[in-house]
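Structure record follows, encoded as structure tokens.
As the structure is a computational prediction, the values presented were derived from the model and not from experiment. Computed from heavy atoms alone, side chains included, the values below leave out hydrogens, waters and symmetry copies.
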Amino acid sequence: MKKYIILFLAVFLTLNLSAQDKKIQKGNEYYNGLQYSEAIEIYETLDSLPEATIRNLADCYSQLGNRSKAVHYYAMLNKVNTKESEDLYKYAMALKAVEQYEDSEQWLARYRDAVGDSIANERGNTGSIRQLVVDMERYKIRLLEMNSKEQDFGTSYYKDQVVFTSSKKAPSMVKRSSNSGLSFTSIQVANKQEDGELTDIKEFSKKLGGKYNQGPVTFSKDGTYMVFASNDLTGSDNEEDGNKIQLYFCDKTEKEWSEPQAFHFNSSQYSVGHPSLTGDGKTLYFVSNMTGGLGGTDLYKVSKQADGKWGKPENLGAPINTKRNEVFPFIHSSGMLLFSSNGHQGLGGLDLFYTETDELKSKEIINMGNPVNGPEDDFAILLNNALTKGYFSSNRATGEGSDDIYAIDIIKDLRSKTITGTVTNLGNEPLDKVKIMLMDNAQFKIDSAFTNANGEFYFLVSAKEKEYVVTASLNEELKNSIGIKTTINQNTVEANLKLIEKEDITEVIAEVVEKTNDRADAEAKSEEIADAKAEAIADAEAKAIADAKVKAIADADGEAEVGKTIIKYLFEVNKDEITQIIEKDLDAMVALLKANPNYKMKVVSHADCRGAASYNLELTERRLKSVLDYLSARKISSDRIIGEAVGETHPLINCHCESGTSVSSCSDEEHNKNRRMEFLIVE
């Protein structure tokens, strides 16, 4: 009987495995055919998920905009110890899309380690995003009431009206898209109200009706020439042809538009779409995935020749185009080019950017920032001639449907430059609620602000080249200023300041002021006293650093005994560089070892539990290397040092972080205690 049972189980498992393989194969067919919803239905029924299937599931949810599910499966994928650097990058992007920015930056750091800085920089979108999150009160945005549960996006001005792309008015016989679950799109026109709302919506032209997607569309300034995108005007039943987007143009006759004519560079081998005409109708900007580009989709332009025919498309090149996707160009009458990209540094998904097209000006790519950009896809911007109002599209969760149209008011000049900075104390700790004054070089006040909890501040200033003075102050005694200059070729200027806290300088200032009074009469000029205070502050800063080093060495020497562990809290979150403040503690260890040549030292590097355990282990290894390199550079023999990196495995306080995230039961102060370096004295 036992033989029959074993035989039955073997046959059952073989049949079950075969059924599993067939499901995977079917799911892969849907996945490769971009039928993501159907692929998910198959994959989710599997008893077990191979690595490749987890990857496909994560990609499917990402493509369909289900960000939480995408994060779940990308996290699962990275737990199986994949060696694919692309998995690290996609997980980082997925975390960014759900606004887990700190975790995203940690995984981007792992991606950098895996591929190297040059590849990461070339790919883009791998830097810090802290400044982009701040709402600098440059814009006001509003979701339009006309939006539906379907797709509404891609606006364009047409005379006094607004034309846009929508799936809510699609003919009833049109089948629904297999990969998005939404109806195919058509081109609609609406009246524009004073507040930007769109009303009286109707089909733009029956001439443009088609079997599949129609739009977006663009017009010449006089409204007599238009270009629009479509993926079927020929009536082809070939599904492969129907997936290719192509561009068509029409001229306005007395009563109606002419029959659409195809551009000569349309092809069944690639797509061209998202058209934007210059006002004179002589240059067309568009997007394409044609061969020879830099990434997935690139931005191009093409101009009319003297004979009225369109010339050869020209790739806009770097730095506008990246290794990833640039889409939805809009060329403004001023020469400013606005577009969407997931290849430049952003907040997640597609972000909106702008740059100048004039060759004499900077090609700096500028992120429009919060609240226009967020973790979702933000795209298809349209602005009026004055750069004060317009529309953009987004699939953010606050909308009505898949894609929605938002009105935008630009409160502060779009071309204005940013002055940003951080105020810290001598220990490089950020100072909160410090008053910041922005003045011109004639000392006239322009603006004021207070630092946030990270010690940061931001100002928007004129786009012209100008000189400014930035002053940080806690009170009359604690002030520091810095002079800066904005330039045409630089959109952001940094103005970082240090303030010495009052207890560090009170005695020194009193001493200098007293000496000043000894050598001057009772009516000493306030200017002389101010100079004396400024000199005292500078002296105090140098003295404080020197005293701190002496104190650290004395403290370490006082703890110098075999078996004693000296704990130091050296590194900031996600950092491994040796700063000036860290040097003073390490100099104390150097002095201790040199004063006791028979001593050896074990250095143990710890991390807090925020982020993935594997990343934290690598981070403690980098920190340990920085410390050992510093000791070695100061002639401490390597045979006297034992190093060990333990990641988050030996906390002083159990914080119970959720795996791979920053969520835990601990405060920042408690996490700081776990993020430590231990120096154990041994013989």
* Any donor-acceptor N/O pair, Y139 side chain to M368 backbone, under 3.5 Å -> yes

* Asked: Do any N or O atoms from the side chain of R138 and from the backbone of S416 form a donor-acceptor pair under 3.5 angstrom?
  -> yes

* Taking N325 for the side chain and N342 for the main chain, is one N or O donor matched with an acceptor at less than 3.5 Å? -> no

* Would a distance-only check, ignoring hydrogens and angles, find a side-chain to backbone donor-acceptor pair under 3.5 Å from T451 to L431? -> yes

* Asked: Does I381 reach the side chain of F353, with side-chain heavy atoms less than 4.5 Å apart?
  -> no

* Asked: Do D103 and Y91 have a side chain donor and acceptor closer than 3.5 Å?
  -> no

* Structure fact -> Here the gap from R676 atom CZ to K568 atom NZ, rounded to the nearest 0.5 Å, amounts to 14.5 Å

* To do: Give a yes or no answer on whether the side chain of S605 reaches the backbone of E621 with a donor-acceptor pair at less than 3.5 Å.
  => no

* To do: Report the C-alpha separation of F457 and V470 in whole Å, then their side-chain angles, then the decisive distance to 0.1 Å, and conclude whether the side-chain contact (heavy atoms from CB on, under 4.5 Å) test is met.
  => CA-CA 11 Å; F457 63 89; V470 178; 3.9 Å; yes

* Structure fact -> Across all chains, not counting sequence neighbours, the ring pair (Phe, Tyr, Trp, His ring centres under 6.0 Å) partners of F392 are Y406

* Structure fact -> Minimal heavy-atom distance between F459 and S448, with the atoms involved, is CE2-C, 3.7 Å

* Asked: Under 3.5 Å, is there a donor-acceptor pair between the side chain of D87 and the main chain of N78?
  -> no

* Given R324 and M93, is the side-chain contact (heavy atoms from CB on, under 4.5 Å) satisfied, shown in steps? -> CA-CA 12 Å; R324 299 196 75 198; M93 293 298 104; 3.8 Å; yes

* Pairwise distance CG(L570) to CZ(R623) - rounded to 0.5 angstrom -> 9.5 Å

* Minimum side-chain heavy-atom gap M439-S481 below 4.5 Å -> no

* Does the N367 side chain pair with the main chain of G369, one donor and one acceptor, at a distance under 3.5 Å? -> yes

* Nearest heavy atoms of F339 and V327, plus distance in Å -> CB-O, 3.7 Å

Only distances under 3.5 Å count here; give the side-chain donor-acceptor pairs of residues 642-652 to other protein atoms, sequence neighbours excluded, each with its distance to 0.1 Å.
{"unit_1": "E644", "atom_1": "OE1", "unit_2": "K602", "atom_2": "NZ", "d": "3.2"}
{"unit_1": "E648", "atom_1": "OE1", "unit_2": "N616", "atom_2": "ND2", "d": "2.6"}
{"unit_1": "T649", "atom_1": "OG1", "unit_2": "V646", "atom_2": "O", "d": "2.6"}

* Asked: Does any N or O in the side chain of S341 come within less than 3.5 Å of the main-chain N or O of G343, such that one atom is a donor and the other an acceptor?
  -> yes

* **T565 side-chain N/O to E678 backbone N/O, donor-acceptor pair under 3.5 Å** => no

* So do R396 and D378 actually touch side chain to side chain, heavy atoms under 4.5 Å? -> yes

* **N428 side chain to T424 backbone, donor-acceptor under 3.5 Å** => no

* Asked: So do the side chains of I567 and K673 get within less than 4.5 Å of each other, counting heavy atoms only?
  -> no

* Asked: What's the shortest heavy-atom distance between A495 and I482, and which atoms?
  -> CB-CG2, 3.9 Å

* Structure fact -> Of all heavy-atom pairs linking S614 and R110, the shortest is OG-NH1, 2.7 Å

* Asked: Between L338 and L414, is a side-chain contact (heavy atoms from CB on, under 4.5 Å) present by the stated rule, with each step listed?
  -> CA-CA 11 Å; L338 299 99; L414 185 61; 4.2 Å; yes

* State whether the SG distance for the cysteine pair C609/C655 is less than 2.5 Å. => no

* Asked: What's the spacing between S85 OG and K90 NZ if we round to 0.5 Å?
  -> 10.5 Å

* Check the angle between the aromatic planes of H332 and F330 and answer parallel, tilted or perpendicular using the 30° and 60° thresholds. => perpendicular

* Where do I365 and H344 come nearest, in terms of heavy atoms and distance? -> CG1-CE1, 3.7 Å

* Asked: Are I681 and I566 side-chain neighbours, meaning at least one heavy-atom pair lies under 4.5 Å?
  -> yes

* Asked: Per the side chain to side chain contact (heavy atoms under 4.5 Å, CB included) rule, which among L586, V604, L592, L593 passes with F679?
  -> L586

* CD (E137) with more than 12 external heavy atoms under 6.0 Å -> no

* ring pair (Phe, Tyr, Trp, His ring centres under 6.0 Å) against F379, all qualifying residues, sequence neighbours excluded -> F328

* Flag the pair E376 and R67 as a salt bridge only when some basic side-chain nitrogen lies within less than 4.0 angstrom of an acidic carboxylate oxygen. => no

* Between R610 and D608, what is the shortest heavy-atom contact and its length? -> N-OD1, 3.0 Å

* Non-hydrogen side-chain atoms of D447 and L460 separated by less than 4.5 Å -> no

* Asked: For K140, does the NZ atom sit with more than 12 other heavy atoms under 6.0 Å from it, leaving out its own atoms?
  -> no

* From CA spacing to verdict: side-chain contact (heavy atoms from CB on, under 4.5 Å), V493, V461 -> CA-CA 10 Å; V493 180; V461 296; over 6 Å; no

* Kindly check if the number of other-residue, nucleotide or ligand heavy atoms within 6.0 Å of NZ (K412) is above 12? => yes

* Looking at side-chain heavy atoms only, is the closest gap between E456 and T422 below 4.5 Å? -> yes

* Structure fact -> Separation between CG (L352) and CG (N373), nearest 0.5 Å, reads 5.0 Å

